[in-house]
Q: 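Here it is, the structure in full.
The sequence lines fix the lettering, A, B, ..., with proteins before strands; numbering per chain opens at 1. Heavy-atom basis, side chains included; hydrogens, waters and symmetry copies ignored.
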Number of protein chains: 2
Amino acid sequence: MDHSESKHFRAAVTVDNVVFGFDGKQLKVLLIYRGAEPFKDRWALPGDFVPLDENLNQSAIHVLRSLTGLENIYMEQVHAFGDVNRHPFGRVYTIAYYALIKVEDYQVQASSWAEEAAWFPINEVPELPFDHVEIMEFAKQQLRNKIRTQPIGFELLPKHFTLTQIQELYEAVLERKFDTRNFRKKLLSMNLISETGYRQTDVSHRPAMLYKYDTKRYNRFLERGFSFDI
Amino acid sequence: MDHSESKHFRAAVTVDNVVFGFDGKQLKVLLIYRGAEPFKDRWALPGDFVPLDENLNQSAIHVLRSLTGLENIYMEQVHAFGDVNRHPFGRVYTIAYYALIKVEDYQVQASSWAEEAAWFPINEVPELPFDHVEIMEFAKQQLRNKIRTQPIGFELLPKHFTLTQIQELYEAVLERKFDTRNFRKKLLSMNLISETGYRQTDVSHRPAMLYKYDTKRYNRFLERGFSFDI
DNA sequence: CCAAAAGTGTTTAAATTACACCCATGG
DNA sequence: CCATGGGTGTAATTTAAACACTTTTGG
């Protein structure tokens, strides 16, 4: 008996990606201009159907690359959305993923049925189709929870970074300011990062020390979680 | 054009529920004895296909009731699992949910295609089919994360409870002991619970004060999250 | 009066907060 | 020499941790 013909095998599954980008100042989100139905000619989260022969997690990565050109991005699952009428074409579930990347490290290039791909400041996104507003809110909340309990943020900075860069990242994501001294004290006391010995060059002020992070300690923290209550 | 006939609408979606039960001493998980293929005659998480006309979250509740008789249980989504070969019948995604309930408050009764439904101590579960081991681990981890950042646990105790009951719950979930004095100090300082004025009766030792929780403050905490680092 | 669990305070250590000025570079 | 962001320390407060005995009830 071919179970694929049974009454249950009539659903479709998509992935929707919430790619947050940090440009050194503010938090942005990557949207595409849809060149296909439904909701053609609308800005939306980059998402597409999951092929039947592709694993879910893999598909999120592929869909993102296909629509926006972004590659080698670590994405984390957020939540599954499955209301009956969330998609006009039928019963379409979506699994949302999110990532946080450094805007200037990646080249965004719309392709496939995406006509454009562009960054929007997190507080200035256009009206979104489907349940994409809800999805974005979920992802934003998860990003905030994550950044407070996991040492996220290092992997998305350049290999060598300044303490100010990390602080600005945390401030952008959590939408609050930190005291520089206390922030550095806390960050350094975790021994997750160490000086490279190099400094910034060509800046018209005192050049900042460049740091790198300690992969081993970092992974240990990832497993156990930590508390970034500052 | 009937999009439901398109190549993408050939997937099925199930929900799998990880119901943790607390019996006052240890943490258990609810399994069913499968009376249907695949994996007939095996213990497994209570899960089933989501009907095409039912919302995902609703379905988790219905499936649980249908298989185990459990009603009025608050369930939270854990994660979506979607590897290509996770199900022998075809492309079947599953969305995992979890709940934490008090064992003695509910009557478990297998029905539908479940032949039995029973509680297993969390460290003595039989071999599980599908990717149910992975799902359970995910749920366990999420429960632990949750209990440390949200005041979970009150809603699953009786309306009036003793401080010792809460402490035992935390100890069971987090698998560690707490100092009674410090635990109480911390819990009471949050002002989430208050004395009812009543005490235990018919216990052959000093009767404990019964507490209730303050729904308003509780909800405020739920929104903001909190840190239960003790 | 015995058993069993409830209940309670203090001291020490650690973590967090608040806060203001000098430093190094490019132009 | 000016503008710019980098960089640093200490004191006060808050929070967490360790730790042992008395109380109340039923039997």
Side-chain angles (χ1 to χ4, degrees), chain A residues 22-26 147-149 151 157-158 160-172 174 176-212 221 224-230, chain B residues 22-26 147-149 151 157-158 160-172 174 176-212 221 224-230:
Chain A
F22 180 60
D23 66 1
K25 287 296 168 204
Q26 61 177 339
I147 210 170
R148 286 194 310 166
T149 55
L157 290 167
H160 292 181
F161 48 83
T162 68
L163 296 183
T164 302
Q165 283 180 299
I166 292 200
Q167 184 173 343
E168 280 170 343
L169 172 66
Y170 270 78
E171 289 177 341
L174 297 176
R176 53 168 291 209
K177 294 289 179 188
F178 294 103
D179 177 273
T180 308
R181 279 173 291 196
N182 292 341
F183 187 88
R184 286 166 181 239
K185 210 185 303 171
K186 173 94 178 187
L187 199 56
L188 292 171
S189 75
M190 294 191 283
N191 292 319
L192 278 173
I193 60 176
S194 53
E195 298 189 353
T196 61
Y198 299 101
R199 293 178 171 277
Q200 283 181 320
T201 51
D202 298 317
V203 288
S204 71
H205 54 76
R206 176 171 173 177
M209 174 59 72
L210 291 167
Y211 289 80
K212 61 186 175 190
F221 269 88
R224 297 192 194 171
F226 82 145
S227 174
F228 202 87
D229 285 331
I230 192 165
Chain B
F22 180 60
D23 66 1
K25 288 296 167 202
Q26 60 177 339
I147 210 171
R148 285 194 311 167
T149 55
L157 290 167
H160 293 179
F161 48 83
T162 69
L163 296 183
T164 303
Q165 282 179 301
I166 292 201
Q167 184 174 341
E168 281 170 343
L169 172 66
Y170 270 78
E171 289 177 342
L174 296 176
R176 52 168 291 208
K177 294 289 179 187
F178 294 104
D179 177 274
T180 308
R181 279 172 291 195
N182 292 340
F183 187 89
R184 287 166 180 239
K185 214 182 302 172
K186 173 95 178 187
L187 199 55
L188 292 172
S189 74
M190 293 192 285
N191 292 319
L192 278 173
I193 59 176
S194 53
E195 297 189 355
T196 61
Y198 299 101
R199 292 178 171 277
Q200 284 180 319
T201 51
D202 298 316
V203 288
S204 71
H205 55 77
R206 174 170 175 176
M209 173 59 73
L210 291 167
Y211 290 80
K212 61 186 175 190
F221 268 87
R224 297 192 195 171
F226 83 145
S227 174
F228 201 87
D229 284 330
I230 192 166

Q: Whole Å only: how far is the CD atom of A:Glu168 from the P atom of D:dG6?
A: 7 Å
Q: Among the nucleotides C:dG26, C:dG7, D:dG7, which one has an atom lying closest to any side-chain atom of B:Arg199?
A: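 Side chain of B:Arg199 sits closest to C:dG7.
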Q: Would you mind reading off the distance between A:Asn182 atom CG and C:dA20 atom C1', rounded to a whole angstrom?
A: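 From A:Asn182 CG to C:dA20 C1': 13 Å.
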Q: For A:Asp179 and D:dG5, what is the distance between atoms CG and P respectively, to the nearest whole Å?
A: 18 Å
Q: Starting at CZ of A:Phe183 and ending at C1' of C:dA18, how long is that distance when rounded to a whole Å?
A: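 A:Phe183 atom CZ is separated from C:dA18 atom C1' by 17 Å.
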Q: Provide, to the nearest angstrom, the distance between the CZ atom belonging to A:Arg184 and the P atom belonging to D:dG6.
A: 7 Å
Q: Can you tell me if B:Lys186 touches the phosphate of D:dA16, counting only side-chain N or O atoms and a distance under 4.0 Å to OP1 or OP2?
A: yes
Q: Please state whether the base of D:dT14 and the side chain of B:Lys185 form at least one donor-acceptor pair under 3.5 Å?
A: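 No, no donor-acceptor pair under 3.5 Å.
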Q: Angle between ring planes, B:Phe178 versus B:Phe183, binned at 30° and 60°: parallel, tilted or perpendicular?
A: tilted
Q: Please classify the nucleic acid contact of A:Thr164 as base, sugar-phosphate, or nothing, using heavy-atom distances under 4.0 Å.
A: sugar-phosphate
Q: When you compare the side chain of B:Leu163 with that of B:Thr180, does any pair of heavy atoms fall below 4.5 Å?
A: no
Q: Is the shortest heavy-atom distance from the side chain of A:Arg184 to the side chain of A:Thr164 under 4.5 Å?
A: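 Answer yes - side chains close enough.
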Q: Quick check on DNA chain D: between A:His205 and A:Arg181, whose nearest nucleotide comes earlier from the 5' end?
A: A:His205
Q: Would you indicate which nucleotide in C:dG26, D:dT25, C:dA6 comes nearest to any side-chain atom of B:Ala208?
A: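 Out of C:dG26, D:dT25, C:dA6, the nucleotide with an atom closest to B:Ala208's side chain is C:dA6.
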Q: Could you tell me the separation between the CD1 atom of B:Ile166 and the P atom of C:dA5, rounded to a whole number of Å?
A: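 It is 19 Å, rounded to the nearest whole Å.
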Q: Where the side chain of B:Thr180 is defined as all heavy atoms beyond and including C-beta, which of C:dT25, C:dT8, D:dG7 is the nearest nucleotide?
A: C:dT8
Q: For DNA chain D, which consecutive runs of 3 or more Watson-Crick or G-U pairs (each distance under 3.5 Å) count as stems?
A: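 Stem list for DNA chain D: C:1-27 with D:1-27.
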Q: How long is the gap from CD on B:Glu171 to NZ on B:Lys177, to the nearest 0.5 Å?
A: 4.5 Å
Q: Is there a side chain to side chain contact (heavy atoms under 4.5 Å, CB included) between A:Phe161 and A:Ile193 once you walk through the steps?
A: CA-CA 10 Å; A:Phe161 48 83; A:Ile193 60 176; 3.8 Å; yes
Q: Between atom CZ in B:Phe178 and atom P in D:dA17, what is the gap in whole Å?
A: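 Answer to the nearest Å: 10 Å.
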Q: Donor-acceptor pair, distance only, cut-off 3.5 Å: does the side chain of A:Thr196 make one with the backbone of A:Leu210?
A: yes
Q: Can you check whether B:Met209's main-chain N or O pairs, donor with acceptor, with B:Glu195's side chain at less than 3.5 Å?
A: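 Not at all, since once roles are kept as given, no pair shorter than 3.5 Å links the two residues.
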Q: Mark yes or no for a side-chain to base donor-acceptor pair under 3.5 Å between A:Arg206 and D:dA3, with no hydrogen or angle criteria applied.
A: no
Q: Can you tell me the distance, in whole Å, between the CG atom of A:Asp202 and the C1' atom of D:dG5?
A: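 Atom CG in A:Asp202 sits about 15 Å away from atom C1' in D:dG5.
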